[in-house]
Chemist: 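Below are the structure tokens for one structure; questions will follow.
Indexing begins at 1, ligand by ligand and atom by atom, following the structure's order.
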Amino acid sequence: MSDLILFWHRRDLRISDNTGLAAAKRRSPKVVGVFCLDPNILERDDVAPVKITYMIGCLQKLQERYAQVGSQLLILHANPVQAIPALAEAINAKAVFWNWDVEPYSQERDRTVINSLTEKGIEFLNQNWDQILNSPEQLRTGGNQPYTVYTPFWKNWITKPKAQPVETLQNVEGLTEAEQEIAKLAGAITLPSAKDLGFIWDGELIISPGEAAAQERLEEFTNKAITEYQEQRNFPAVEGTSQLSAALKFGVIGIRTIWQATLEALENSRSQETAVNIRTWQQELAWREFYQHAMYNFPELADGAFRDTFKNFPWQTNEEHFQAWCDGRTGYPIVDAAMRQMNESGWMHNRCRMIVASFLTKDLLINPQLGEKYFMQHLIDGDLSANNGGWQWSASSGMDPKPVRIFNPASQTQKFDPEGEYIRQWVSELRSIDTEYLVTGKIPSLERHAVGYPEPIVDHKIQQQQFKLRYQQQKILSNGE
Ligand SMILES: Cc1cc2nc3c(=O)[nH]c(=O)nc-3n(C[C@H](O)[C@H](O)[C@H](O)COP(=O)(O)OP(=O)(O)OC[C@H]3O[C@@H](n4cnc5c(N)ncnc54)[C@H](O)[C@@H]3O)c2cc1C
């Protein structure tokens with residue numbers, strides 16, 4: 001009889017191009033998947049219903065994939081620290097395999113699971129880096145330090161060899177009926193819906209759940225939009241980006257598969273210009289890895305500012321301003337459009353993420369951690385490393401060497417939404433307002449009043465001076481860092 005290997009899925013909800021799962025199959029033909037709905041994560045106050053809805057959809061598709069190849073994906077709803085080893089023991093698994101993760105919570109949890117498996121005499125294999133192309137160990141500065149600046153990271157990262165996609169799981173043996181009964185006694189349940197778990201999302205999803213949809217999206221993007229990515233990615237009214245972020249967050253598509261697609265696109269590109277566009281998209285994938293490496297190397301990032309100047313920064317407490325920002329009612333059309341896009345669709349364009357993050361921190365002088373949390377509560381792709389990285393970059397509190405980056409909402413609109421198309425799409429009351437007013441933000445009070453759109457809650461010019469003043473003072477207090 002073949003050894004039974006339990007494969008623990010976490011942020012790798014697929015059977016194709018999955019390094020740990022392929023290793024499990026090489027170890028034995030009998031491989032069964034498990035996913036644990038972890039109350040420690042689900043009961044946090046920063047979990048977006050749209051994200052859980054997408055995740056549950058992906059798990060449903062993953063169960064179908066397992067059934068197609070002859071096995072099962074078991075579902076647990078319990079603390080994995082106890083539930084994974086207990087299930088492995090009950091079904092007599094010889095080993096538990098999983099892919100490594102960068103997040104501090106995952107690493108601590110995994111160490112406890114390892115101890116428990118060791119006590120039970122169950123083997124484990126957890127050292128596969130699956131969600132990134134190069135491991136943090138491979139990427140060090142000349143002085144053997146982790147990178148804290150993106151550009152040198154990119155220059156080194158792009159020279160490192162990248163693995164090919166690994167084989168898709170197929171022809172596996174699953175659990176016998178008797179073993180399935182035992183699994184049930186050990187806690188395996190039918191997959192609940194997001195609603196069963198208390199997460200209500202009635203809107204559409206920006207991307208359909210599951211491997212096939214992610215693969216389709218990748219093909220669509222690399223066949224066309226990637227060739228104009230460098231220019232088009234900045235315009236929120238244009239579908240110029242891949243919208244693969246949720247699929248990447250949950251590992252519904254393998255990063256090696258994505259990389260391979262960029263290499264093929266490069267090979268097929270007929271001009272230098274096209275190649276530059278593809279290279280720009282590869283740089284975005286490198287940003288993703290940069291932030292994951294950063295989280296792995298500097299877990300303290302998750303708790304707040306990286307730079308000393310921002311550790312005790314005098315942020316303002318203003319409930320009303322924060323609420324106006326959340327609701328998309330600041331009186332700044334581009335900011336409001338972006339916040340409403342996220343509230344209503346669960347996704348926000350990258351350019352707009354930068355604009356609203358700058359607005360919260362540099363115009364409203366509100367602590368970026370509040371914005372970071374609000375994003376996690378609403379994004380389909382909410383991811384600790386990328387979100388924290390984006391917020392620290394925007395707040396100037398992170399690793400980025402350029403200290404004070406302040407976005408002017410009006411000039412951002414003039415450059416990136418010059419016809420006010422995006423604003424009109426998301427701020428319905430502004431649809432009939434003149435483009436000139438929309439892009440300058442100088443909508444006359446009478447018109448604002450007539451359509452029920454608020455006056456600007458702050459003055460950008462005054463607020464940015466305020467921010468700079470506070471920044472200079474803090475810099476002195478923190479010894480010029
Ligand atoms: C304040 C702020 C918060 C953010 N929060 C998140 C988040 O929670 N989750 C998340 O995935 N991204 C986050 N980002 C990064 C970026 O906005 C999204 O990854 C991107 O908008 C997703 O759209 P896309 O898939 O069409 O990206 P594309 O432009 O097609 O890029 C391809 C992929 O590269 C990665 N990527 C692109 N840009 C970045 C970036 N700046 N940082 C890290 N990875 C990147 C994503 O995985 C993305 O799917 C944030 C950015 C900012 C400024």
Chemist: Under 4.0 Å from any heavy atom of Ser245, which atoms of ligand 1 are there?
Modeler: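 Counting atoms of ligand 1 from 1, those under 4.0 Å from Ser245 are 11 (O), 22 (C), 23 (O), 25 (O), 49 (O).
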
Chemist: Under 4.0 Å from a heavy atom of Tyr229: which atoms of ligand 1 are those, numbered in the order shown and with their elements?
Modeler: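 Under 4.0 Å from Tyr229, ligand 1 has these atoms: 28 (P), 29 (O), 31 (O).
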
Chemist: For the residue pair Tyr150 and Trp287, categorise the inter-ring angle as parallel (less than 30°), tilted (30 to 60°) or perpendicular (more than 60°).
Modeler: parallel

Chemist: Decide whether the shortest distance between a heavy atom of Arg233 and an atom of ligand 1 is less than 4.0 Å.
Modeler: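 Arg233: no contact with ligand 1 (<4.0 Å).
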
Chemist: Does Trp391, backbone or side chain, put an N or O under 3.5 Å from an N or O of ligand 1?
Modeler: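 No, there is no polar N/O contact under 3.5 Å.
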
Chemist: Need the ligand 1 atom indices (1-based, order shown) with element for anything under 4.0 Å from a heavy-atom of Gly382.
Modeler: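 Reading through ligand 1 atom by atom, the close ones are 8 (O).
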
Chemist: Report yes or no: is the cationic atom of Lys51 (NZ for Lys, CZ for Arg) closer than 6.0 Å to the six-membered ring centre of Trp201, at no more than 45° off its axis?
Modeler: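 Verdict for Trp201: no cation-pi partner in Lys51.
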
Chemist: Using non-hydrogen atoms of the residue, decide whether Phe290 is closer than 4.0 angstrom to ligand 1.
Modeler: no

Chemist: Report the residue from Asp381, Asp383, Asp101 that forms a salt bridge (charged side-chain N to carboxylate O under 4.0 Å, His left out) with Lys249.
Modeler: Asp383

Chemist: Answer with yes or no whether Gly389 contacts ligand 1, where contact means a heavy atom under 4.0 Å from a ligand atom.
Modeler: no

Chemist: Hey, which of His293, Glu289, Lys162 is the one that makes side chain to side chain donor-acceptor pair (under 3.5 Å) with Asn134?
Modeler: Lys162

Chemist: Which ligand 1 atoms are under 4.0 Å away from a heavy-atom of Asp383?
Modeler: 7 (C), 8 (O), 9 (N)

Chemist: Which label fits Phe221 and Trp281: parallel for a plane angle under 30°, tilted from 30 to 60°, or perpendicular past 60°?
Modeler: tilted

Chemist: Counting only heavy atoms, tell me which of Ala247, Gly390, Ala48 gets closest to atom 2 (C) of ligand 1.
Modeler: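 Among Ala247, Gly390, Ala48, the closest heavy atom to atom 2 (C) of ligand 1 comes from Gly390.
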
Chemist: List ligand 1 atoms under 4.0 Å from Arg288, heavy atoms only on the residue side.
Modeler: 35 (C), 43 (C), 44 (N), 47 (O)

Chemist: Can you find an N or O of Ser242 that's nearer than 3.5 Å to an N or O of ligand 1?
Modeler: yes

Chemist: Using a heavy-atom cut-off of under 4.0 Å, does the side chain or the backbone of Phe221 touch ligand 1, or both, or neither?
Modeler: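 Near ligand 1, Phe221 shows nothing, with every heavy atom at 4.0 Å or more.
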
Chemist: Heavy-atom distances under 4.0 Å are what count here, so tell me which part of Tyr291 touches ligand 1: side chain, backbone, both or neither.
Modeler: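 Under 4.0 Å from ligand 1, Tyr291 contributes side-chain atoms alone.
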
Chemist: Go through ligand 1 atom by atom and flag the ones less than 4.0 Å from a non-hydrogen atom of Met354.
Modeler: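 With Met354 as reference, the close atoms of ligand 1 come out as 53 (C).
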
Chemist: Ligand 1 versus Leu248, non-hydrogen atoms closer than 4.0 Å: side chain, backbone, both, neither?
Modeler: side chain

Chemist: Tell me whether ligand 1 is touched by Trp393 - counting only heavy atoms on the residue side and a distance under 4.0 Å.
Modeler: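 No, that is not the case, since the closest heavy atom of the residue is not under 4.0 Å from the ligand.
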
